[in-house]
> 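This is the structure, below, for whatever I ask next.
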Amino acid sequence: MGTAESYLSEVLAAFDLGAPVVGAVRFGQGHINDTFVVHTQPEDRCCRRFILQRMSAAAFKRPDQLMENITGVTEYLGREIEKNGGDREREALRVLRPSGGQPYYTDRDGGAWRMYPFVEGTVCCQAADTPELFAASGRAFGRFQRLLQGYPAQTLYETIPHFHDTEDRLAKLKAAVAADKLGRAAECRQEIDFMLEREADCSVALQALRDGTLPLRVTHNDTKLNNVLMDQETGEGICIIDLDTVMPGLSINDFGDSIRFGANHSAEDETDLSKVNLDVGLFEVYTQAFLEGAGGTLTEKEIEYLPWGAKLMTLECGIRFLTDYLVGDEYFHISREKQNLDRSRTQCKLVADMEAHWDQLMEIVKKYQ
Ligand code: ADP
Ligand code: GN1
Ligand code: MG
């Protein structure tokens with residue numbers, strides 16, 4: 001499979017966008033898919049934009065099942081949004097089909113591509129610059145959970161098996177350390193030990209699911225701030241994107257992944273760890289907003305376990321980054337050497353910080369229970 005750029009003319013020819021394409025360039029800061037913004041030029045109107053993505057073959061083995069999930073979820077969301085008097089075109093993604101009727105296009109080498117209209121008048125943020133912005137993302141992800149409450153979960157494929165199976169993620173780390181195929185384990189000893197010391201933690205949410213303490217729901221599973229588009233004028237969270245991992249899962253993980261990424265003031269790959277700190281104030285802001293958006297759908301136990309969601313999503317993500325570093329950066333896109341190692345280090349620092357503030361986090365969620 002070649003670079004995504006080398007397939008663009010073939011792929012663009014497969015979609016009827018209603019006007020000539022005048023350009024396509026790389027777009028966004030996702031770690032997984034190859035994303036392009038496509039511009040068309042209608043005769044009588046200003047340019048229209050689309051998002052074109054080659055789905056990651058490393059991450060997604062069955063693009064057919066993945067796209068069946070996404071068409072099902074976006075159509076369902078569209079109906080729910082309309083029922084609530086919302087604007088379907090701005091608040092939900094819409095899959096555009098290429099000729100042939102499939103919801104995606106397969107290129108000459110088997111790469112799978114999809115197209116969405118660009119949701120205009122929105123911005124995509126990489127950091128929570130203000131508490132209001134973070135709260136808006138929390139309301140949007142909470143609302144997403146509420147809107148999908150009635151979705152038939154049994155019809156969803158597991159697009160990435162064991163995605164938030166933290167026990168399995170740790171087992172994969174151990175295997176990568178044992179193989180140490182690139183001789184990178186020695187320089188990561190501290191991080192490896194940090195993760196291994198938390199082996200028992202890796203079972204906390206899974207055990208709560210197994211014994212019925214926490215329910216399985218339809219969840220997003222990748223709730224980074226940059227996976228919600230915010231209205232350019234009002235700052236409100238408008239449209240949840242990146243639906244690749246919508247699957248049955250735990251609500252505390254959706255909460256937790258947002259905290260992992262957003263409740264701090266540093267980049268995920270920051271190399272100066274003194275800058276990487278959990279912002280407990282932002283934790284509270286997000287807790288309140290997420291529960292407001294979820295509108296009573298979470299049980300008392302789910303609320304009680306929210307700090308665990310935060311800690312486990314951060315620990316798990318650290319484990320995943322480190323595993324990927326050890327095996328040679330096969331999964332997460334990198335733009336420089338050791339980026340995945342640096343990413344794993346920030347996650348360890350955040351986990352340690354969450355532990356240091358644990359009682360405070362528990363007090364906060366109790367307030368909103
Ligand atoms: P990845 O899985 O690689 O993160 P995403 O689906 O999140 O891929 O897309 C990458 C980026 O593209 C997003 O962070 C966002 O900036 C932009 N994006 C994706 N879909 C849309 C859309 N429909 N409208 C506007 N921007 C979008
Ligand atoms: C990936 O696709 P993106 O960039 O939104 C990853 C998440 C990680 C995240 C870390 C499908 O998210 O699970 O938490 O990177 N998505 C997938 O930044 O693996
Ligand atoms: Mg994304």
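Counting convention: from 1, in listed order, for ligands and their atoms alike. Each residue takes its place number in the sequence, starting with 1.
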> Tell me, which protein residue and heavy-atom name are nearest atom 15 (O) of ligand 2, and how many Å apart are they?
H31 CD2, 3.4 Å
> Consider only side-chain heavy atoms of I, L, V, M, F, W and Y, link residues closer than 4.5 Å, and tell whether L298 and I240 are in one cluster.
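L298 clusters together with I240.
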> Who's the nearest protein heavy-atom neighbour of atom 14 (O) of ligand 1, and how far?
N226 O, 3.2 Å
> Using a strict cut-off of less than 4.0 Å between a Lys/Arg side-chain nitrogen and an Asp/Glu carboxylate oxygen, indicate whether D254 and R217 qualify as a salt bridge.
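Salt bridge between D254 and R217, a charged N being under 4.0 Å from a carboxylate O: no.
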> Under 4.5 Å between side-chain heavy atoms, counting indirect links through other Ile/Leu/Val/Met/Phe/Trp/Tyr residues: same cluster for F27 and M115 or not?
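Different clusters.
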> Residue-level breakdown please: for E268 versus ligand 2, do any non-hydrogen atoms fall below 4.0 Å on the side chain, on the backbone, on both, or on neither?
side chain
> Are any of the side-chain nitrogens in E268 or R260 under 4.0 Å away from the carboxylate oxygens of its partner?
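Salt bridge flag = yes for R260 with E268.
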> Answer yes or no for R343: is there a heavy-atom contact with ligand 2 below 4.0 Å?
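Not so, R343 does not reach ligand 2.
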> I'd like to know whether ligand 2 has D244 as a neighbour, heavy-atom separation below 4.0 Å.
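Flag not set, D244 not near ligand 2.
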> Grouping I, L, V, M, F, W and Y whenever their side-chain heavy atoms are under 4.5 Å apart, do I252 and V246 come out in a common cluster?
yes
> Does ligand 1 have a heavy atom under 4.0 Å from the side chain of Q53, from its backbone, from both, or from neither?
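Under 4.0 Å from ligand 1, Q53 contributes side-chain atoms alone.
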> Just need the protein heavy atom nearest to atom 16 (O) of ligand 1, so name the residue and atom and give the distance.
C124 SG, 3.3 Å
> Do the side chains of E199 and K174 get close enough for a salt bridge, i.e. N-O under 4.0 angstrom?
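Salt bridge between E199 and K174, a charged N being under 4.0 Å from a carboxylate O: yes.
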> Side chains of F283 and F134: does their closest heavy-atom pair fall under 4.5 Å?
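They are not in contact (no side-chain heavy atoms under 4.5 Å apart), so the answer is no.
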> Atoms of ligand 2 less than 4.0 Å from Y331 heavy atoms?
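Contacts of ligand 2 toward Y331, numbered from 1: 11 (C), 17 (C), 19 (O).
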> So which bit of I51 gets within less than 4.0 Å of ligand 1, heavy atoms only: side chain, backbone, both or neither?
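The side chain, only.
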> Can V95 be reached from Y151 by stepping across I, L, V, M, F, W or Y side chains whose heavy atoms are under 4.5 Å apart?
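Yes; V95 is reachable from Y151 via cluster members.
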> Can you tell which part of L229 has a heavy atom less than 4.0 Å from ligand 1: side chain, backbone, both or neither?
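The part of L229 near ligand 1 is the side chain, not the backbone.
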> Which residue and atom name correspond to the protein heavy atom nearest atom 12 (O) of ligand 2, and how close is it?
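Residue, atom and distance for the closest contact: D222 OD2, 3.1 Å.
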> Report the part of D242 (side chain from C-beta onward, or backbone N, CA, C, O) that has a heavy atom under 4.0 Å from ligand 1; answer both or neither where that applies.
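Under 4.0 Å from ligand 1, D242 contributes backbone and side-chain atoms.
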> Which heavy atom of the protein is the closest neighbour of atom 12 (O) of ligand 1, given with residue, atom name and distance?
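Going atom by atom, the protein heavy atom closest to atom 12 (O) of ligand 1 ends up being T35 CG2, 3.6 Å.
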> What protein heavy atom lies closest to atom 24 (N) of ligand 1? Include the residue and the distance to one decimal.
V119 N, 3.0 Å
> Between R26 and E5, is the closest basic N to carboxylate O distance under 4.0 Å?
yes
> For ligand 2, does N227 get within less than 4.0 Å through its side chain, its backbone, both, or neither, judged by non-hydrogen atoms?
side chain
> Could you tell me whether T122 approaches ligand 1 through its side chain, its backbone, both or neither, with non-hydrogen atoms closer than 4.0 Å?
neither
> Can you tell me if E330 has over 12 outside heavy atoms packed within less than 6.0 Å of its CD?
yes
> Is any NZ, NE, NH1 or NH2 atom of the basic residue among K83 and E80 found under 4.0 Å from an Asp or Glu carboxylate oxygen of the other?
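Salt bridge present between K83 and E80.
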> For ligand 2, which atoms, with element, lie under 4.0 Å from some heavy atom of C317?
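Listed by number with element: 10 (C), 14 (O).
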> Can you tell me if F261 contacts ligand 2 (heavy atom of the residue under 4.0 Å from the ligand)?
no
> Taking distance alone, with no angle check, do R320 and ligand 2 share an N/O pair under 3.5 Å?
yes
> Does this structure show an ion pair linking E236 with R139, if we count only N-O contacts that are shorter than 4.0 Å?
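Between R139 and E236 there is a salt bridge, with a charged N closer than 4.0 Å to a carboxylate O.
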> Enumerate the atoms of ligand 2 whose separation from the nearest heavy atom of K224 is less than 4.0 angstrom.
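Near K224, meaning under 4.0 Å from one of its heavy atoms, ligand 2 has 3 (P), 4 (O), 5 (O), 9 (C), 10 (C), 12 (O), 15 (O), 18 (O).
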> One thing to verify: whether R169 and D165 come together as a salt bridge, which I'm taking to mean a side-chain N less than 4.0 angstrom from a carboxylate O.
no
> Report the part of P117 (side chain from C-beta onward, or backbone N, CA, C, O) that has a heavy atom under 4.0 Å from ligand 1; answer both or neither where that applies.
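Near ligand 1, P117 shows its backbone, while the atoms from C-beta on stay back.
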> Following the transitive rule for hydrophobic clusters with a side-chain heavy-atom cut-off under 4.5 Å over Ile, Leu, Val, Met, Phe, Trp and Tyr, establish whether Y104 and V73 coincide in one cluster.
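Shared cluster, yes.
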> State the atoms of ligand 2, each with its element, that fall below the 4.0 Å cut-off from a heavy-atom position in G30.
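Ligand 2 atoms under the 4.0 Å threshold to G30: 4 (O).
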> Could you work out, with ring pair (Phe, Tyr, Trp, His ring centres under 6.0 Å) as the rule, every residue matching F141, not counting sequence neighbours?
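Expected list: H220.
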> If you count heavy atoms of other groups shown closer than 6.0 angstrom to CD of E10, is the number above 12?
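Enclosed: over 12 neighbouring heavy atoms sit under 6.0 Å from CD of E10.
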> Nearest heavy atom to atom 15 (C) of ligand 1: which of V228, I241, L243 does it belong to?
I241
> Suppose the cut-off is 2.8 Å; which protein N/O/S atoms would you list for the Mg ion (ligand 3)?
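As for protein N, O or S atoms lying under 2.8 Å from the Mg ion (ligand 3), they are N227 OD1, D242 OD2.
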> Among V37, T35, L8, whose side-chain contact (heavy atoms from CB on, under 4.5 Å) with L52 holds?
L8
> Below a 4.0 angstrom heavy-atom separation, can you tell me which part of M313, side chain or backbone, both or neither, approaches ligand 2?
neither
> Salt bridge or not for D168 and K172, using N-O below 4.0 Å?
yes
> If you measure every N/O of N221 against every N/O of ligand 2, is any gap under 3.5 Å?
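Such a contact does not occur with ligand 2.
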